[in-house]
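Remarks on the structure that follows.
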Amino acid sequence: MQPITMNYRAITPEEIATMQRNGCRASDWNNVKVKDGFNPECYVRVNFSGDIYLGVTDEPVIGTAGFIAQSGIFDATLQNCSVGDNVHISHVAECIMNYSIGNHAYISNVGSLICTGSRSFGNGTVVNVLDETGGRSVPIYDGLTAQIAYLIAMYRHNLPLVERLKEMVTAYAATKKKATGFIGKYAKLTNVGSVTDVNFERESYANGTSLLWDGTVRQKAFVGPDVIAEHFILASEARLDKSAIVKNVFIGQASTVSNGFVAHDSLIFSNCTLECGEAAAIFAGPHTVSMHKSTLLIGGMFSFFNAGSGTNQSNHLYKTGPVHQGIMARGSKTGSNTYVMWPARFGYFSLITGSHYSHPDTSDLPYSYVVADGKDTLVIPGANLPTAGTIRDIMKWEDRDARSKDLPRLDIINYNALNPVTTSLMYNAINFLNEYERTPEIAATRNITLKDSAVGRGRQMYALGVDYFMGTAVVKKVLSLKLDKNIPLSQQLKPEVTADVSEWIDMAGMIVPKSEVERICGLVIDGGITSLDKLAEALSEVSSRYYKLTWNFVVDNFNNCYSQPIEDVSAQDLEAIIQRWTETVSALDRMRKADALKDFSAKAMTGYGIDGDRECQRADFDAVHGEVDDSAPVQAIHTHYAEAIQNGFAAVRHLEKLIKLTQETKS
């Protein structure tokens, strides 16, 4: 990033003399150019070689922890560098070579900063995600989104699409290959060891880092002590910290990889937290969490996932290489010491415990407990739907989206846990359980077992979940109805957009009709979408129509759920549907509150009141956790449902106005 030559002039003999008195040297002073207002007194013991451009030094620089430093260069060697205005550089052990340094940057106590010109700063790095042999390899770049990575990794059945996307990334990476690296405005690099071919964007920060090679540290991202990173992209506001070691890795916005975590060939998207453990060839969708030293994630796809301590998978049951992979769908979590031998697939919001060797597929049974039963995998269908832990997780994720609103958000994240994907799966689950009662052998085709006594309860939970989703959509739609006697109700209930919504998918956090994804894929193949930015925009546009497309889905399934086509529904019918829905909401509220209250049972108090009697035990427990009526988590769950019911009441009042208006029109 060469400065504009017209803004610079030749350094004067007087300025050279001043700098020489300060211990500065240059291989050729004719190659040193400066701005008007240049102050030679601000350069002490600096060696210059190659083309050098120096800015003004008329303001102090803010260093780490608010430290105010004098702008200028002290005790350093620079070769072929451009230095912006009011930059502080000091104590460079080896050299800064081939870098453009932005205004107000702060660089102190570094070993070396070298750009060789041979790299694209991590862009184009091939990550062998899921399949360690490269069958699902994804080339990364500094604007990679979870959705684009999903298409490249998971759409291998559409080779023209994948090849076109790879070509786009390769072309983009080629534009990033420069002879000069850059350190952005207000960036800070302190106590850093060796840095080679790494770009640092505006307000990025590296402190105590051991080795960085071939990467990009994007805006407001942080690289901390003893980190070793090779061939990487660190997205904006991400943290790579405290002895983490990564190679061939993309780390998404506002994610943290820290405390000795080791990862290779992995894609880690927004809002993930990975500490202490290890990852190999994982696709970590948004909000993947693993925080235990004994945990290994390998060859798997995860999102909204929480790994218990000792969680482990293996992809080594192979004859031709580590090709096996597995999927833990959105919202899954594992108990301590959970082991899975890939391949396997677990459904949405599964709670998985024990060791699983039989390659289970529970994708048709979301919200289930998946329990090891000897060598078998026992599934308790729908058991996780009424639990307090599930709703607590659902409520916390959006609150934990740490991405700044000031920066463009890369990943599309839809936080609606009950959506057309999960609702379709619950319909499928009801059908599966019905079929199971007729033909129990169907469970064996999924490598699972079921208890007959759990089937009825599971079907009831799925029906409850379907009714909750459908009713929520109806309430939202009713509240948007116009009180206009000239617009028939049937017309207002019609879909606003035209689309095939029969199948939906979860693209690493984005809930979208499969037909819309296929349409976009077709545009990529046919040349209608020619760049990665345009692809991201197309996906974002579809996501912006989520609620309209969701209403299409509700309309298509209305008769299946309510036993009447939506074309024939009246305002009174809608009122009855909402009344029924409020009962469903109340039932879920009661079930999840009852589950939460288990944390306040006598059994839960074991270990409290260490030196007292039962009364002391209770008092100690209440002092630590508060009484149940004051429990913030319990109150949050209740408030969530109370607000939903209030929306239902508001919808009923809106319908009553519509009914009254209709009656007045008829009279």
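The figures that follow rest on heavy atoms only: side chains count, while hydrogens, waters and symmetry mates do not. Throughout, residue positions are numbered sequentially from 1 according to the sequence presented.
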(message) Quick check on side chain to side chain contact (heavy atoms under 4.5 Å, CB included): which of L297, T311, V370 does T334 satisfy it with?
(response) T311

(message) Between K396 and D393 (salt bridge meaning N to carboxylate O under 4.0 Å), is one present in this structure?
(response) yes

(message) If you define the side chain from C-beta out and look only at heavy atoms, does anything of Y468 sit under 4.5 Å from W581?
(response) yes

(request) Before accepting this row, confirm whether a basic side-chain N of the pair E201/R218 lies closer than 4.0 Å to the acidic partner's carboxylate O. (result) yes

(message) Salt bridge or not between K494 and E567? Use side-chain N to carboxylate O under 4.0 Å.
(response) no

(request) Output, in order, the C-alpha distance, side-chain angles, deciding distance and verdict of side chain to side chain contact (heavy atoms under 4.5 Å, CB included) for L240 and I251. (result) CA-CA 8 Å; L240 185 58; I251 301 174; 3.8 Å; yes

(request) Working to the nearest 0.5 Å, report the span between CG of L418 and CD1 of I394. (result) 6.5 Å

(request) Decide side chain to side chain contact (heavy atoms under 4.5 Å, CB included) for Y427 and N560; before the verdict, give the C-alpha distance in whole Å, the side-chain angles of both, and the deciding distance to 0.1 Å. (result) CA-CA 10 Å; Y427 274 123; N560 190 27; 3.3 Å; yes

(message) Exactly one of L574, L489, D484, V478 should register a side chain to side chain contact (heavy atoms under 4.5 Å, CB included) with L658. Which one does?
(response) L489

(message) Once rounded to the nearest 0.5 Å, what's the spacing between atom CD1 of I268 and atom CZ of F250?
(response) 10.0 Å

(message) What I want to find out is whether D401 reaches R403 closely enough, with some N-O distance under 4.0 Å, to be called a salt bridge.
(response) yes

(request) Please indicate whether K477 has more than 12 foreign heavy atoms, meaning atoms of other residues, nucleotides or ligands, lying under 6.0 Å from its NZ. (result) yes

(message) Any carboxylate oxygen within less than 4.0 angstrom of a Lys/Arg side-chain nitrogen, looking at D142 and K176?
(response) yes

Pair up each side-chain donor or acceptor in residues 639-657 with any protein partner under 3.5 Å, not counting sequence neighbours, and list the distances.
unit_1, atom_1, unit_2, atom_2, d
T639, OG1, Q635, O, 2.8
Y641, OH, R592, NH1, 2.3
H654, NE2, L481, O, 2.7

(request) State whether a side-chain donor-acceptor pair under 3.5 Å links S586 with D589. (result) no

(message) How close do I148 and L144 get, counting heavy atoms only, and between which atoms?
(response) CG2-CD1, 4.3 Å

(message) Assess, by modelled atom type and distance only, whether the side chains of Q325 and R136 contain a donor and an acceptor separated by less than 3.5 Å.
(response) yes

(request) Flag the pair V497 / W551 as yes when at least one side-chain heavy-atom distance between them is below 4.5 Å, and no otherwise. (result) no

(request) Would you check, one step at a time, whether the test side chain to side chain contact (heavy atoms under 4.5 Å, CB included) holds for R330 with V421? (result) CA-CA 11 Å; R330 174 192 290 234; V421 173; over 6 Å; no

(message) When you compare the side chain of Y155 with that of C521, does any pair of heavy atoms fall below 4.5 Å?
(response) yes

(request) Salt-bridge test for E541 and K534: reply yes if a basic N is under 4.0 Å from a carboxylate O, no otherwise. (result) no

(request) Among F304, Y415, F305, find the one that has a ring-ring contact (aromatic ring centres under 6.0 Å, His included) with W397. (result) F304

(request) Kindly compute the distance separating OG1 (T216) from CG (N123), expressed to the nearest 0.5 Å. (result) 5.0 Å

(message) Is a donor from one side chain sitting under 3.5 angstrom from an acceptor on the other, for S540 and S543?
(response) no

(request) Scan side-chain atoms only and decide if D533 and Y172 contain a donor-acceptor pair under the 3.5 Å cut-off. (result) no

(message) Does either side chain, that of N419 or that of Y546, offer a donor lying less than 3.5 Å from an acceptor on the other one?
(response) no

(message) Closer than 4.0 angstrom, basic N to acidic O: yes or no for E167 and R164?
(response) yes

(message) Could you measure the distance from the CE atom of M395 to the CG atom of D399? Nearest 0.5 Å is fine.
(response) 7.5 Å

(message) Can you tell me how far apart OG (S350) and OH (Y367) are? Round to the nearest 0.5 Å.
(response) 10.5 Å

(message) Let's go through D573 and D568 carefully: what are the C-alpha distance in whole Å and the side-chain angles of both, what is the deciding distance for side chain to side chain contact (heavy atoms under 4.5 Å, CB included) to 0.1 Å, and is it a yes or a no?
(response) CA-CA 9 Å; D573 295 329; D568 299 337; over 6 Å; no

(request) Please confirm whether the backbone N or O of A402 pairs with a side-chain atom of N271, one donor and one acceptor, at under 3.5 Å? (result) yes

(message) Measuring from atom OG1 of T550 to atom CG of N416, what distance do you get when rounded to the nearest 0.5 angstrom?
(response) 7.5 Å

(request) Give a yes or no on this: more than 12 heavy atoms of other residues, nucleotides or ligands lie within 6.0 Å of atom NZ of K476. (result) no

(message) Using the side-chain hydrogen bond (donor to acceptor under 3.5 Å, both in side chains) definition, which of the options Q253, R409, Q219 pairs with S236?
(response) Q253

(request) State, without any angle test, whether S270 and D411 hold a side-chain donor-acceptor pair at a distance under 3.5 Å. (result) yes

